[in-house]
A.B. asks: 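One structure is given below, represented as C-alpha coordinates, and several questions about it will come after.
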Amino acid sequence: MGIKENVKMIFDELPKDVMLVAATKSRTPEEILEAVEAGLQVIGENYAQEAEKKVNVITDRVKYHFIGHLQRNKVKKVVGFIDMIETVDSVKIAEEIDKRCALLGKVMPILIEINSGRESQKAGVFPENADELIKRIATFTHIKVMGLMTMGPLFGDPEDARVFFVETKRVFERISSLKIKNVEMKYLSMGMSNSYKVAIEEGTNIVRIGTRIFGARRY
Ligand SMILES: *Cc1c(COP(=O)(O)O)cnc(C)c1O
(Lines give C-alpha, C1' and ligand atoms only; values in the text may rest on other atoms or scores of the structure.)
Protein backbone atom coordinates (compact mmCIF):
# COMPACT_ATOMS: atom_id res chain seq x y z
CA MET A 1 0.00 0.00 0.00
CA GLY A 2 1.07 3.54 -0.70
CA ILE A 3 1.61 6.41 1.70
CA LYS A 4 -1.67 8.10 0.76
CA GLU A 5 -3.70 4.96 1.44
CA ASN A 6 -1.92 4.48 4.76
CA VAL A 7 -2.73 8.00 5.91
CA LYS A 8 -6.37 7.66 4.87
CA MET A 9 -6.67 4.35 6.65
CA ILE A 10 -5.26 5.80 9.87
CA PHE A 11 -7.58 8.83 9.68
CA ASP A 12 -10.52 6.45 9.26
CA GLU A 13 -9.52 4.67 12.47
CA LEU A 14 -8.78 7.71 14.62
CA PRO A 15 -11.50 9.27 16.76
CA LYS A 16 -12.25 12.84 15.65
CA ASP A 17 -10.49 14.46 18.61
CA VAL A 18 -7.19 12.59 18.16
CA MET A 19 -4.43 14.45 16.32
CA LEU A 20 -2.15 12.56 13.95
CA VAL A 21 1.51 13.59 14.00
CA ALA A 22 3.52 11.89 11.27
CA ALA A 23 6.96 10.91 12.57
CA THR A 24 9.05 11.78 9.52
CA LYS A 25 12.65 11.02 10.52
CA SER A 26 14.61 9.72 7.51
CA ARG A 27 11.74 10.40 5.08
CA THR A 28 12.19 12.47 1.95
CA PRO A 29 10.21 15.67 1.29
CA GLU A 30 8.47 13.82 -1.56
CA GLU A 31 7.26 11.09 0.79
CA ILE A 32 6.04 13.65 3.30
CA LEU A 33 4.23 15.61 0.58
CA GLU A 34 2.31 12.47 -0.34
CA ALA A 35 1.11 12.21 3.23
CA VAL A 36 0.16 15.89 3.23
CA GLU A 37 -1.83 15.40 0.03
CA ALA A 38 -3.78 12.68 1.82
CA GLY A 39 -4.78 15.14 4.53
CA LEU A 40 -1.91 15.02 7.01
CA GLN A 41 -1.70 18.29 8.94
CA VAL A 42 1.07 17.84 11.49
CA ILE A 43 4.65 16.78 10.86
CA GLY A 44 6.87 15.44 13.65
CA GLU A 45 10.58 16.17 13.46
CA ASN A 46 13.35 14.51 15.49
CA TYR A 47 16.38 16.36 14.21
CA ALA A 48 16.92 20.10 13.95
CA GLN A 49 19.04 19.93 10.83
CA GLU A 50 16.76 17.56 8.96
CA ALA A 51 13.74 19.68 9.91
CA GLU A 52 15.35 22.83 8.64
CA LYS A 53 15.84 21.30 5.19
CA LYS A 54 12.28 20.04 4.96
CA VAL A 55 10.48 23.22 5.95
CA ASN A 56 11.86 24.89 2.88
CA VAL A 57 10.18 22.28 0.70
CA ILE A 58 6.98 21.69 2.59
CA THR A 59 4.97 24.78 3.01
CA ASP A 60 2.70 26.52 5.44
CA ARG A 61 -0.07 23.99 4.87
CA VAL A 62 1.20 22.02 7.84
CA LYS A 63 2.27 22.43 11.43
CA TYR A 64 5.51 21.12 12.88
CA HIS A 65 5.99 19.39 16.19
CA PHE A 66 9.46 18.70 17.51
CA ILE A 67 9.42 15.12 18.87
CA GLY A 68 13.12 14.26 19.19
CA HIS A 69 15.56 14.94 21.95
CA LEU A 70 16.31 18.64 21.70
CA GLN A 71 19.82 19.83 22.47
CA ARG A 72 20.35 23.25 23.92
CA ASN A 73 22.52 24.45 21.07
CA LYS A 74 19.82 23.48 18.52
CA VAL A 75 16.99 25.42 20.13
CA LYS A 76 17.83 28.59 18.26
CA LYS A 77 17.59 26.71 14.97
CA VAL A 78 14.10 25.34 15.53
CA VAL A 79 12.06 27.87 17.49
CA GLY A 80 11.33 29.98 14.44
CA PHE A 81 9.37 27.34 12.53
CA ILE A 82 8.31 24.75 15.11
CA ASP A 83 4.72 25.04 16.38
CA MET A 84 5.08 22.77 19.41
CA ILE A 85 7.98 21.12 21.23
CA GLU A 86 6.79 17.79 22.67
CA THR A 87 9.97 16.77 24.47
CA VAL A 88 10.86 19.26 27.19
CA ASP A 89 12.28 17.47 30.22
CA SER A 90 14.44 19.98 32.11
CA VAL A 91 14.43 23.55 33.37
CA LYS A 92 17.63 24.11 31.43
CA ILE A 93 16.14 23.36 28.04
CA ALA A 94 12.98 25.29 28.91
CA GLU A 95 15.08 28.28 29.87
CA GLU A 96 16.79 28.26 26.49
CA ILE A 97 13.47 27.91 24.62
CA ASP A 98 12.06 30.79 26.66
CA LYS A 99 15.03 32.98 25.91
CA ARG A 100 14.99 32.29 22.17
CA CYS A 101 11.22 32.73 21.90
CA ALA A 102 11.38 36.01 23.80
CA LEU A 103 13.71 37.31 21.09
CA LEU A 104 11.11 36.34 18.47
CA GLY A 105 8.19 37.66 20.47
CA LYS A 106 6.66 34.18 20.39
CA VAL A 107 5.12 31.92 23.02
CA MET A 108 6.05 28.27 22.40
CA PRO A 109 3.48 25.59 23.28
CA ILE A 110 5.32 22.64 24.83
CA LEU A 111 4.64 19.19 26.21
CA ILE A 112 6.62 17.72 29.08
CA GLU A 113 8.21 14.38 28.22
CA ILE A 114 7.56 11.74 30.86
CA ASN A 115 9.96 8.83 31.24
CA SER A 116 7.08 6.52 32.09
CA GLY A 117 9.25 3.39 32.11
CA ARG A 118 11.78 5.02 34.46
CA GLU A 119 14.53 3.88 32.08
CA SER A 120 17.83 5.45 33.09
CA GLN A 121 19.16 5.86 29.53
CA LYS A 122 15.98 7.49 28.23
CA ALA A 123 14.94 11.13 28.00
CA GLY A 124 12.05 12.48 30.02
CA VAL A 125 11.28 13.34 33.61
CA PHE A 126 10.23 10.56 35.99
CA PRO A 127 6.49 10.64 36.75
CA GLU A 128 7.05 11.55 40.41
CA ASN A 129 9.17 14.57 39.45
CA ALA A 130 6.83 16.03 36.84
CA ASP A 131 4.86 18.33 39.19
CA GLU A 132 7.95 20.09 40.46
CA LEU A 133 9.39 20.53 36.95
CA ILE A 134 6.14 21.89 35.54
CA LYS A 135 5.72 24.37 38.39
CA ARG A 136 9.14 25.77 37.61
CA ILE A 137 8.66 25.86 33.83
CA ALA A 138 5.27 27.55 34.30
CA THR A 139 7.08 30.69 35.44
CA PHE A 140 8.58 31.28 31.98
CA THR A 141 6.56 33.81 30.03
CA HIS A 142 7.44 32.66 26.50
CA ILE A 143 6.51 29.02 27.05
CA LYS A 144 3.11 27.50 27.58
CA VAL A 145 2.90 23.99 29.04
CA MET A 146 0.02 22.27 27.25
CA GLY A 147 0.34 18.65 28.29
CA LEU A 148 2.50 15.55 28.41
CA MET A 149 4.24 13.21 26.00
CA THR A 150 5.67 9.75 26.58
CA MET A 151 7.44 7.10 24.56
CA GLY A 152 7.36 4.26 27.08
CA PRO A 153 9.54 1.19 26.74
CA LEU A 154 9.35 -0.44 23.31
CA PHE A 155 7.58 -3.80 23.16
CA GLY A 156 6.65 -6.28 20.50
CA ASP A 157 3.25 -6.65 22.14
CA PRO A 158 1.46 -3.29 22.45
CA GLU A 159 -0.50 -4.58 25.44
CA ASP A 160 2.76 -4.38 27.41
CA ALA A 161 2.84 -0.61 26.81
CA ARG A 162 -0.57 -0.08 28.41
CA VAL A 163 0.61 0.34 32.01
CA PHE A 164 2.97 3.12 30.94
CA PHE A 165 0.19 4.96 29.15
CA VAL A 166 -2.05 4.54 32.19
CA GLU A 167 0.68 5.94 34.42
CA THR A 168 1.25 8.95 32.15
CA LYS A 169 -2.49 9.64 32.03
CA ARG A 170 -2.52 9.56 35.82
CA VAL A 171 0.22 12.21 35.95
CA PHE A 172 -1.78 14.22 33.40
CA GLU A 173 -4.89 14.15 35.61
CA ARG A 174 -2.88 15.00 38.72
CA ILE A 175 -1.23 18.04 37.12
CA SER A 176 -4.59 19.16 35.71
CA SER A 177 -6.08 19.10 39.19
CA LEU A 178 -3.28 21.34 40.53
CA LYS A 179 -4.53 24.18 38.27
CA ILE A 180 -1.07 25.69 37.93
CA LYS A 181 -1.07 29.21 36.54
CA ASN A 182 0.07 29.40 32.86
CA VAL A 183 -0.39 25.61 32.47
CA GLU A 184 -3.20 24.27 30.32
CA MET A 185 -3.33 20.48 30.34
CA LYS A 186 -4.88 19.89 26.94
CA TYR A 187 -2.72 17.38 25.08
CA LEU A 188 -1.51 13.90 25.81
CA SER A 189 0.90 12.49 23.19
CA MET A 190 1.28 8.72 23.47
CA GLY A 191 1.44 5.80 21.08
CA MET A 192 3.39 4.95 17.95
CA SER A 193 2.77 2.61 15.00
CA ASN A 194 2.43 -0.55 17.04
CA SER A 195 0.79 0.94 20.14
CA TYR A 196 -1.48 3.82 19.14
CA LYS A 197 -4.68 1.84 19.46
CA VAL A 198 -3.86 1.00 23.08
CA ALA A 199 -2.85 4.63 23.68
CA ILE A 200 -6.22 5.84 22.36
CA GLU A 201 -8.01 3.46 24.69
CA GLU A 202 -6.02 5.01 27.53
CA GLY A 203 -7.03 8.55 26.62
CA THR A 204 -4.35 9.99 24.35
CA ASN A 205 -5.29 12.78 21.94
CA ILE A 206 -2.05 12.91 19.95
CA VAL A 207 -0.53 9.86 18.26
CA ARG A 208 2.90 9.91 16.60
CA ILE A 209 3.10 7.48 13.71
CA GLY A 210 5.97 6.79 11.32
CA THR A 211 6.36 3.23 10.09
CA ARG A 212 2.66 2.63 9.56
CA ILE A 213 2.51 5.61 7.20
CA PHE A 214 5.85 5.41 5.42
CA GLY A 215 6.96 1.79 5.77
CA ALA A 216 10.10 0.45 7.43
CA ARG A 217 12.60 3.11 8.51
CA ARG A 218 15.95 3.76 6.87
CA TYR A 219 17.56 4.78 10.15
C1 LIG B 1 10.03 7.55 15.32
C2 LIG B 1 9.18 8.06 16.39
C3 LIG B 1 7.81 7.74 16.45
C4 LIG B 1 7.12 6.82 15.47
O5 LIG B 1 7.63 5.52 15.48
P6 LIG B 1 7.02 4.40 14.54
O7 LIG B 1 7.21 3.15 15.29
O8 LIG B 1 7.79 4.45 13.28
O9 LIG B 1 5.59 4.73 14.33
C10 LIG B 1 7.07 8.30 17.48
N11 LIG B 1 7.61 9.13 18.38
C12 LIG B 1 8.92 9.45 18.35
C13 LIG B 1 9.45 10.36 19.39
C14 LIG B 1 9.73 8.93 17.36
O15 LIG B 1 11.04 9.27 17.34
Side-chain angles (χ1 to χ4, degrees), residues 1-14 18-29 31-32 34-36 38 40-54 62-71 74-75 78 82-90 93 97 109-117 119 121-125 146-162 164-165 168-169 172 187-202 204-219:
M1 282 227 297
I3 290 170
K4 281 193 182 127
E5 288 79 8
N6 291 343
V7 170
K8 286 186 180 139
M9 207 171 63
I10 292 167
F11 273 132
D12 282 344
E13 289 169 356
L14 291 184
V18 175
M19 183 193 298
L20 172 63
V21 175
T24 63
K25 54 185 177 281
S26 87
R27 312 303 176 176
T28 64
E31 289 173 302
I32 299 167
E34 266 197 62
V36 171
L40 176 73
Q41 292 175 323
V42 189
I43 291 176
E45 291 289 349
N46 286 69
Y47 306 106
Q49 244 118 355
E50 200 182 303
E52 218 182 10
K53 276 186 231 147
K54 285 185 213 151
V62 290
K63 293 209 178 292
Y64 285 87
H65 285 200
F66 199 86
I67 62 172
H69 183 65
L70 186 56
Q71 290 165 302
K74 298 285 165 54
V75 169
V78 305
I82 289 287
D83 300 288
M84 179 184 281
I85 299 174
E86 294 200 12
T87 49
V88 175
D89 64 356
S90 72
I93 197 79
I97 295 167
I110 66 161
L111 305 183
I112 301 298
E113 181 171 1
I114 305 292
N115 185 347
S116 55
E119 298 167 282
Q121 76 284 11
K122 276 232 182 115
V125 61
M146 299 208 68
L148 307 179
M149 175 271 208
T150 197
M151 293 275 285
L154 300 177
F155 296 109
D157 180 356
E159 270 308 319
D160 294 336
R162 190 182 294 274
F164 302 99
F165 296 154
T168 306
K169 179 75 190 299
F172 183 89
Y187 297 112
L188 194 50
S189 176
M190 316 191 290
M192 317 196 337
S193 288
N194 85 330
S195 61
Y196 69 93
K197 288 178 187 162
V198 171
I200 289 168
E201 286 168 11
E202 297 307 335
T204 199
N205 56 16
I206 300 180
V207 291
R208 308 175 313 270
I209 299 179
T211 314
R212 193 139 192 273
I213 295 176
F214 300 107
R217 249 197 315 278
R218 294 186 197 97
Y219 58 83

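In this text the structure is predicted, and so the values were computed from the model without any measurement. Order of appearance sets the numbers: ligands from 1, and atoms from 1 within every ligand.
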A.B. asks: Decide yes or no on salt bridge (charged side-chain N to carboxylate O under 4.0 Å, His left out) for Lys197 and Glu202, but give the supporting numbers first.
C.D. replies: CA-CA 9 Å; Lys197 288 178 187 162; Glu202 297 307 335; over 6 Å; no
A.B. asks: Does the distance from a Lys or Arg side-chain N to an Asp or Glu carboxylate O, for Glu45 and Lys25, drop under 4.0 Å?
C.D. replies: no
A.B. asks: Does any N or O atom in Ile67 lie less than 3.5 angstrom from one in ligand 1, N or O only?
C.D. replies: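 Not met; the criterion fails.
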A.B. asks: Between atom CE of Met84 and atom CE of Met146, what is the distance when rounded to the nearest 0.5 Å?
C.D. replies: 6.0 Å
A.B. asks: If the cut-off is 4.0 Å to any non-hydrogen atom of Lys25, which atoms of ligand 1 fall inside it?
C.D. replies: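 That gives atoms 1 (C), 2 (C), 3 (C), 14 (C), 15 (O) of ligand 1.
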A.B. asks: Mind checking whether Ser193 contacts ligand 1 via backbone (N, CA, C, O), side chain (CB onward), both or neither, at a 4.0 Å heavy-atom cut-off?
C.D. replies: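 Both backbone and side chain of Ser193 come within 4.0 Å of ligand 1.
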A.B. asks: Measuring from Leu154:CG to Asp160:CG, what's the distance to the nearest 0.5 Å?
C.D. replies: 11.5 Å
A.B. asks: Among protein heavy atoms, which lies nearest atom 11 (N) of ligand 1, and at what distance?
C.D. replies: Arg208 NE, 2.9 Å
A.B. asks: Salt bridge or not for Glu5 and Lys8, using N-O below 4.0 Å?
C.D. replies: no
A.B. asks: What atoms of ligand 1 come closer than 4.0 angstrom to any heavy atom of Met151?
C.D. replies: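 Matching atoms, with element in brackets: 11 (N), 12 (C), 13 (C).
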A.B. asks: How far is atom 8 (O) of ligand 1 from its nearest protein heavy atom, and which residue and atom is that?
C.D. replies: Thr211 OG1, 2.5 Å
A.B. asks: Can you see whether Arg208 engages Tyr196 through a side-chain donor-acceptor pair at a distance of less than 3.5 angstrom?
C.D. replies: no
A.B. asks: Suppose I only count heavy atoms of Ile209 and a 4.0 Å limit; which atoms of ligand 1 are within that range?
C.D. replies: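 That gives atoms 9 (O) of ligand 1.
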A.B. asks: Side chain, backbone, both or neither: which part of Asn46 has a heavy atom under 4.0 Å from ligand 1?
C.D. replies: side chain
A.B. asks: Are Arg212 and ligand 1 in contact, using a heavy-atom cut-off of under 4.0 Å?
C.D. replies: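 Heavy atoms of Arg212 never come under 4.0 Å of ligand 1.
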A.B. asks: Give the residue and atom name of whichever protein heavy atom lies nearest to atom 5 (O) of ligand 1, and the separation in Å to one decimal.
C.D. replies: Met192 CE, 3.5 Å
